[in-house]
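To start, the structure under review is shown below, and the notes come after it.
Counting begins at 1 with the first residue of the sequence. All heavy atoms count here, side chains included; hydrogens, waters and symmetry mates do not.
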Amino acid sequence: MALRRPHRKSRHGCLECKRRRVKCDETRPVCSNCSKRQAGCEYDSSSSLLWANEELLHHDTKSVNSRSDEPPLPEPPHVTANPFDTSAKDGGATHSSPSLNLGDLELMMQWCNSTYQVLTRNERTDPVWRLRVPEEALSHSFLMHGILALSALHIARTRDDHRRPEYISAAVAHQNQALAFFRKQLDDINDANAKAMFALSSVVVVYAFGFPHSPESKDPWACIHDFIQVLLLARGVEQVLRQATPSIRNSDWEILLRLDKYIASLPQDVLSPLERLRELNAYCGAQDPTHDTDIYNKTIENLTDIMAAAYGGLTSITVAARWAIRLKPKFVNLIRDRSPLALIILAHLCAILCRLKYGWCIDQWIFKLPRAIYQILDDRWKPHAQWPMVEIFGQDFLNEIETINSV
């Protein structure tokens, strides 16, 4: 009798494969089954921290294993008591100097000189992100890989040269390793690793927002789907941040938890669109008894609070990340279910981000999302999206959108 071929169980498969009860290969962001069937591929928030292209990691592991039949490496030479004594000799042979990974050193310099600024809020939090986080990474390799991943992504997104694909590959490789080690500690967040878990959680959200997604697709839902994956990841990160916060509060990183006070009042040209959203929500609730007025109200209030924080000096990525982390799972489901009001609220967020000095990690969403949303909305809903469209594309936004779509 033929033996049954063993196979690895799929524990973190996508929602579509689970629904069809078929084995998922867990390829991110789209698994092979969904790719072949051209179906929407989504992963729930419990496995959202797996969201990364793991192909390079598997390839590297395979390459290492494939060399198992090669002769073993020679034993390292005897090390003298003074590791810095390059003149020391062993049996008449001069010790060779250790090699440097210049690529990783470049990425660490990038972090200390520039990349850390995307996470810091002001000069009081600068020392933590610029100095303390790299120091913590010396004891936690997953955080070191996360730092290097975000630095490589930063270079890839801001330098226009022939080495861009190399930096993208480096970012993916480091991110895969960061998440592989990170996942092992998700169920054991304690005082010893809380700082590293907290820092990497923040890095992961910025990485997700900043990673370049698929080029313009004729299907506007492809863009919405990509953004939903970012929101799911942010929801997963929120759980880690909540568990690590007590340890952070009793440490020298406590300044990261002190949120600056910001103005409670907003300019009238921002308050008016928000009030129209509330009125639209109330109208929908009066017309449809199944309409969840409460969840929309909470999301609009979240948007209002984030807008006030934005006018108080927060950067665009901080605003976007905080909004995403605070989102209720119900609202993410409403976006997935193609609720017109949910999409219109999302377009309003993009308009606020557009008013800020948006950076490299948020710019792709500010224009792609509202363009896709406007294409999806039917003629009954499009008038309610006019304010964000004008804010982002100008009064002639219709021609702007049509011109881009025809390219």
**Item:** Ring center gap for Phe198 and Trp253 short of 6.0 angstrom
**Value:** no
In short, Arg336 meets Ile228 closest at the heavy-atom pair CA-CD1, 3.7 Å
dist Gln110:CD -> Tyr167:OH (nearest 0.5 Å) comes out at 8.5 Å
Ile373 versus Pro220: any side-chain heavy-atom pair under 4.5 Å? no
task: For the residue pair Val230 and Trp365, establish whether any side-chain heavy-atom pair is separated by less than 4.5 Å.
output: yes
Mark yes or no for whether Arg249, through its side chain, and Glu254, through its backbone, hold a donor-acceptor pair below 3.5 Å.
no
Determine whether more than 12 heavy atoms belonging to other residues, nucleotides or ligands lie under 6.0 Å from atom CD of Gln386.
no
| request: Indicate yes or no: does Asp294 engage Lys298 in a salt bridge with an N to O separation below 4.0 Å. | output: yes
Q) Has the side chain of Arg20 got a donor or acceptor atom that lies under 3.5 Å from a matching backbone atom of Leu15? A) no
Rounding to 0.5 Å, atoms CH2 (Trp111) and NE2 (His154) come to a distance of 11.0 Å
Step-by-step salt bridge (charged side-chain N to carboxylate O under 4.0 Å, His left out) determination, Arg242 to Glu238 | CA-CA 6 Å; Arg242 188 173 61 249; Glu238 188 270 340; 2.8 Å; yes
Heavy atoms of Ala347 and Met389 approach each other most closely as CB-CE, 4.3 Å
Keeping the roles fixed (side chain from Asp126, backbone from Trp129), state whether a donor-acceptor pair exists under 3.5 Å. no
- Query: Can you find a side-chain donor-acceptor pair between His145 and Gln175 that sits under 3.5 Å?
  - Reply: no
Determine whether a donor-acceptor pair (N or O, by modelled atom type, separation under 3.5 Å) exists between the side chain of Asn193 and the backbone of Ala196. no
- Item | Evaluation steps, salt bridge (charged side-chain N to carboxylate O under 4.0 Å, His left out), between Arg276 and Glu279 | CA-CA 5 Å; Arg276 288 196 292 270; Glu279 292 172 357; over 6 Å; no
**Item:** Lys/Arg-Asp/Glu bridge criterion (N-O < 4.0 Å) met for Asp305, Arg326
**Value:** yes
Modelled atom types, side-chain donor and acceptor of Asp337 and Ser339, under 3.5 Å | no
Gln364 side chain vs Phe209 backbone, donor-acceptor pair below 3.5 Å:
yes
For this session: Please indicate whether Asp160 has more than 12 foreign heavy atoms, meaning atoms of other residues, nucleotides or ligands, lying under 6.0 Å from its CG.
Result: no
Rounding to 0.5 Å, atoms OG (Ser251) and NZ (Lys195) come to a distance of 4.5 Å
Any non-hydrogen side-chain atom of Asp292 less than 4.5 Å from a side-chain atom of Lys330? yes
Interatomic distance, CD@Glu301 vs CG@Leu277, rounded to 0.5 Å, equals 10.5 Å
Between the CZ atom in Phe393 and the CD1 atom in Ile366, the distance rounded to the nearest 0.5 Å is 10.5 Å
Rounded to the nearest 0.5 Å, the CG atom of Leu377 sits from the NZ atom of Lys382 at a distance of 7.5 Å
- request: Kindly determine whether Ser114 and Thr158 satisfy side-chain contact (heavy atoms from CB on, under 4.5 Å), including the steps that lead there.
  value: CA-CA 11 Å; Ser114 181; Thr158 54; over 6 Å; no
Nearest heavy-atom contact between Met108 and Pro134 is SD-CB, 4.2 Å
May I ask you to decide if Lys23's main-chain N or O and Asn33's side chain share a donor-acceptor pair within less than 3.5 Å? yes
Ala137 meets the side-chain contact (heavy atoms from CB on, under 4.5 Å) criterion, sequence neighbours left out, with Leu143, Met144, Ile147
**Request:** Assess whether side-chain contact (heavy atoms from CB on, under 4.5 Å) is satisfied between Val133 and Tyr116, documenting all intermediate values.
**Result:** CA-CA 9 Å; Val133 169; Tyr116 80 93; over 6 Å; no
Nearest heavy-atom approach of Cys14 to Cys24 is N-SG, 3.5 Å
message: Please verify the inter-ring angle class for Tyr296 with His291; under 30° counts as parallel, over 60° as perpendicular, anything in between as tilted.
response: parallel
Margin query: Using side-chain heavy atoms (C-beta onward) and a distance below 4.5 Å, is Cys31 in contact with Cys17?
Written below: yes
May I ask you to decide if Thr293's main-chain N or O and Asn281's side chain share a donor-acceptor pair within less than 3.5 Å? yes
For Val118 and Cys361 the tightest heavy-atom approach is CG2-SG, 3.4 Å
Heavy-atom nearest pair, Val240 first then Met197, reads CG1-O, 4.0 Å
Kindly check if the number of other-residue, nucleotide or ligand heavy atoms within 6.0 Å of CD (Gln395) is above 12?
-> no
Main-chain N/O of Asp188 paired with Asn190 side-chain donor or acceptor, under 3.5 Å:
yes
Could you tell me if the side chain of Trp323 sits less than 4.5 Å from the side chain of Leu346, heavy atoms only? yes
Q: May I ask you to check whether Asp104 and His174 show a side-chain donor-acceptor distance below 3.5 Å?
A: yes
Do Gln185 and Phe142 make a side-chain contact, defined as non-hydrogen atoms from C-beta onward lying under 4.5 Å apart?
yes
With a 4.5 Å limit on heavy-atom distance, are the side chains of Pro212 and Leu153 in contact?
yes
Review point. Hey, are Arg278 and Thr304 close enough side-chain-wise for a donor-acceptor pair under 3.5 Å?
Key: yes
Would you confirm whether Thr125, through its side chain, and Asn122, through its main-chain N or O, come within 3.5 Å as a donor-acceptor pair? yes
Note to self: Applying side-chain contact (heavy atoms from CB on, under 4.5 Å) to Ile224 and Ile376, what does each step give before you reach the verdict?
What the structure shows: CA-CA 10 Å; Ile224 306 296; Ile376 291 168; 3.8 Å; yes
- Judged by atom type as modelled, is there a donor-acceptor pair below 3.5 Å linking the side chain of Thr299 to the main-chain atoms of Ile295? yes
Would you call Val172 and Asn176 a side-chain contact if the rule is heavy atoms closer than 4.5 Å?
yes
**Prompt:** Where do Asp363 and Arg157 land on the side-chain contact (heavy atoms from CB on, under 4.5 Å) test, with the steps shown first?
**Reply:** CA-CA 10 Å; Asp363 56 356; Arg157 289 293 312 278; 2.6 Å; yes
Do the charged groups of Glu106 and Arg159 touch, with an N to O distance under 4.0 Å? yes
